[in-house]
Asks: 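Take a look at the following structure, please.
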Amino acid sequence: MTSKAVVKAFYESDLANDASVVERFFHKDCKLHWTNNQGIRLLEYNDIIAFFEGTRQSYNHLRFGFTHFIEAESFVTTRHTLYGTTIENPNIETMIAHFSTIWEVKDNKLYRGYEISQHADESDEKGMESYKEINI
């Protein structure tokens, strides 16, 4: 499987409901370096398990809208918006955040991730326009 296929399969999985996502897609020695509005976080395998357990408690469904999906050997870069439906509002999909992520794939699993995210602000017309440009 190509690195791009591994990353694509991860994003197409049922992250909000499938408890096996981390085991199936993340390398046991993985590290995710995540920069967000709270600062920089380093998530390792067990941290990622806990993160997705929390996700499953809050969301019924998650969907990713990609503007970029670029592969270079074992590295895959994505730029996308995350959408979700919460348990409280299962009929309303909400735009959650914009992400740019560089994944390194090793042994057909997500091994290293370098991610930057920001809260999606639908009132920011320039920002929203930028995420409409699809270059896949």
Side-chain angles (χ1 to χ4, degrees):
M1 186 180 288
T2 68
S3 294
K4 187 173 182 179
V6 170
V7 174
K8 188 173 189 231
F10 164 68
Y11 285 116
E12 290 177 347
S13 66
D14 188 2
L15 299 174
N17 297 295
D18 185 352
S20 73
V21 164
V22 176
E23 180 183 336
R24 286 188 301 129
F25 291 102
F26 285 86
H27 195 282
K28 293 282 187 192
D29 297 322
C30 69
K31 292 184 183 194
L32 173 59
H33 304 261
W34 181 16
T35 303
N36 59 36
N37 65 343
Q38 298 174 355
I40 299 173
R41 295 177 61 189
L42 174 62
L43 302 175
E44 295 182 345
Y45 189 80
N46 289 331
D47 304 316
I48 294 169
I49 289 173
F51 176 82
F52 282 111
E53 284 173 357
T55 299
R56 287 190 304 278
Q57 292 175 14
S58 300
Y59 292 95
N60 283 332
H61 179 73
L62 294 172
R63 177 178 68 84
F64 300 89
F66 291 91
T67 63
H68 294 76
F69 214 106
I70 303 163
E71 180 179 35
E73 298 176 12
S74 64
F75 293 91
V76 178
T77 301
T78 66
R79 183 173 181 259
H80 56 277
T81 300
L82 173 63
Y83 301 86
T85 59
T86 63
I87 291 170
E88 294 83 5
N89 277 320
N91 298 319
I92 299 173
E93 183 178 74
T94 304
M95 184 182 302
I96 300 168
H98 300 300
F99 291 84
S100 293
T101 309
I102 302 168
W103 288 110
E104 179 182 0
V105 176
K106 180 179 176 182
D107 303 328
N108 284 322
K109 300 232 178 180
L110 302 175
Y111 178 64
R112 292 287 183 265
Y114 305 91
E115 183 163 76
I116 298 172
S117 66
Q118 68 181 43
H119 183 74
D121 180 0
E122 294 182 63
S123 68
D124 176 9
E125 290 181 30
K126 286 183 183 178
M128 293 306 297
E129 191 65 30
S130 168
Y131 278 86
K132 289 181 182 175
E133 298 175 16
I134 299 183
N135 298 297
I136 298 178

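Side chains are part of it too, since the values below use all heavy atoms of this structure and drop only hydrogens, waters and symmetry mates. We're numbering straight along the sequence, starting at 1. Just so it is clear, the structure is predicted and the values come from calculations on it, not from any experiment.
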Asks: Start with the C-alpha gap between Val7 and Val105, add the side-chain angles, then the distance that decides, and say whether side-chain contact (heavy atoms from CB on, under 4.5 Å) holds.
Replies: CA-CA 8 Å; Val7 174; Val105 176; 3.9 Å; yes
Asks: Looking at OG1 of Thr55 and CD1 of Ile48, how far apart are the two atoms once the value is rounded to the nearest 0.5 Å?
Replies: 11.0 Å
Asks: Which atoms form the tightest heavy-atom contact between Glu44 and Lys31, and what is the distance?
Replies: OE2-CE, 3.4 Å
Asks: Walk me through it: do Ser117 and Trp34 pass the test side-chain hydrogen bond (donor to acceptor under 3.5 Å, both in side chains)?
Replies: CA-CA 8 Å; Ser117 66; Trp34 181 16; 2.9 Å; yes
Asks: Quick one, His68 with Thr77, criterion side-chain contact (heavy atoms from CB on, under 4.5 Å). Give me CA distance, side-chain angles, the key distance, then yes/no.
Replies: CA-CA 7 Å; His68 294 76; Thr77 301; over 6 Å; no
Asks: Taking the side chain as every heavy atom from C-beta outward, state whether Phe64 and Leu15 have any pair of such atoms under 4.5 Å apart.
Replies: yes
Asks: Given the rule that I, L, V, M, F, W and Y join up when any side-chain heavy atoms are under 4.5 Å apart, are Met1 and Tyr111 in one cluster?
Replies: no
Asks: Got Arg24 and Asp18 here, is their nearest side-chain heavy-atom distance under 4.5 Å?
Replies: yes
Asks: Are the side chain of Asp107 and the backbone N or O of Lys109 linked by a donor-acceptor pair below 3.5 Å?
Replies: no
Asks: Check for a donor-acceptor pair, side chain of Thr86 on one end and backbone N or O of Asn89 on the other, with a separation under 3.5 Å.
Replies: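 Checking the backbone N and O of Asn89 against the side chain of Thr86, a donor-acceptor pair under 3.5 Å is found.
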Asks: Name the orientation class of the two ring planes belonging to His80 and Phe99 (parallel below 30°, tilted from 30 to 60°, perpendicular beyond 60°).
Replies: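 If you compare the ring of His80 with that of Phe99, the planes turn out parallel.
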Asks: Find out if a path of hydrophobic residues (ILVMFWY) with successive side-chain heavy-atom gaps under 4.5 Å connects Leu82 to Ile102.
Replies: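 No; Ile102 is not reachable from Leu82 via cluster members.
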Asks: For Leu42, does the CG atom sit with more than 12 other heavy atoms under 6.0 Å from it, leaving out its own atoms?
Replies: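 Yes - once you tally the heavy atoms of other residues, nucleotides and ligands closer than 6.0 Å, there are more than 12.
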Asks: Check whether any side-chain heavy atom of Asp29 sits under 4.5 Å from a side-chain heavy atom of Tyr45, and report yes or no.
Replies: no
Asks: With a 4.5 Å cut-off on side-chain heavy atoms, are Leu110 and Cys30 touching?
Replies: no
Asks: Run the numbers on His119 and Asn37 for side-chain contact (heavy atoms from CB on, under 4.5 Å), then give the verdict.
Replies: CA-CA 8 Å; His119 183 74; Asn37 65 343; 5.6 Å; no
Asks: Once you round to the nearest 0.5 Å, how far does CG of Leu32 lie from CG of Asp47?
Replies: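 Result: 9.5 Å between the selected atoms.
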Asks: Identify whether Ile49 and Val21 are in the same connected component of the hydrophobic contact network (ILVMFWY, side-chain heavy atoms under 4.5 Å).
Replies: yes
Asks: Quick check on the hydrophobic clustering: are Tyr114 and Phe69 connected, directly or via other members, by side-chain heavy-atom contacts under 4.5 Å?
Replies: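 No; tracing contacts between hydrophobic side chains, which count when under 4.5 Å, never links both residues.
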Asks: About how many Å separate CD of Gln118 and CG of Asn36, when rounded to the nearest 0.5 Å?
Replies: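 Going from the CG atom of Asn36 to the CD atom of Gln118 covers 11.0 Å.
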Asks: Counting only heavy atoms not in Phe25, do more than 12 fall under 6.0 Å of its CZ?
Replies: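 It does: Phe25 CZ has more than 12 such atoms within range.
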Asks: Sub-3.5 Å donor-acceptor pair from the side chain of Ser3 to the main-chain atoms of Val76, do we have one?
Replies: no
Asks: Please round to the nearest 0.5 Å and tell me the distance separating atom NE2 of His27 and atom CZ of Arg112.
Replies: 8.5 Å
Asks: Taking side chain as C-beta onward, heavy atoms only, is Phe10 less than 4.5 Å from Thr78?
Replies: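 Phe10 does not reach Thr78 side chain to side chain.
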Asks: Are Phe51 and Phe26 connected in a single hydrophobic cluster, I mean Ile/Leu/Val/Met/Phe/Trp/Tyr linked by side-chain heavy atoms less than 4.5 Å apart?
Replies: yes
Asks: Would a 4.5 Å heavy-atom cut-off, applied to side chains only, mark Ile96 and Leu62 as touching?
Replies: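 Yes, side chains in contact.
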Asks: How about Met95 and Tyr83: do any of their side-chain heavy atoms sit closer than 4.5 Å?
Replies: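 Yes, at least one pair of side-chain atoms sits under 4.5 Å.
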Asks: Would you give the length of the straight line joining atom CZ of Phe52 to atom CD of Glu23, rounded to the nearest 0.5 angstrom?
Replies: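 That separation rounds to 14.0 Å.
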Asks: Any chance you could measure Thr81, atom OG1, to Arg63, atom CZ, to the nearest 0.5 Å?
Replies: 9.0 Å
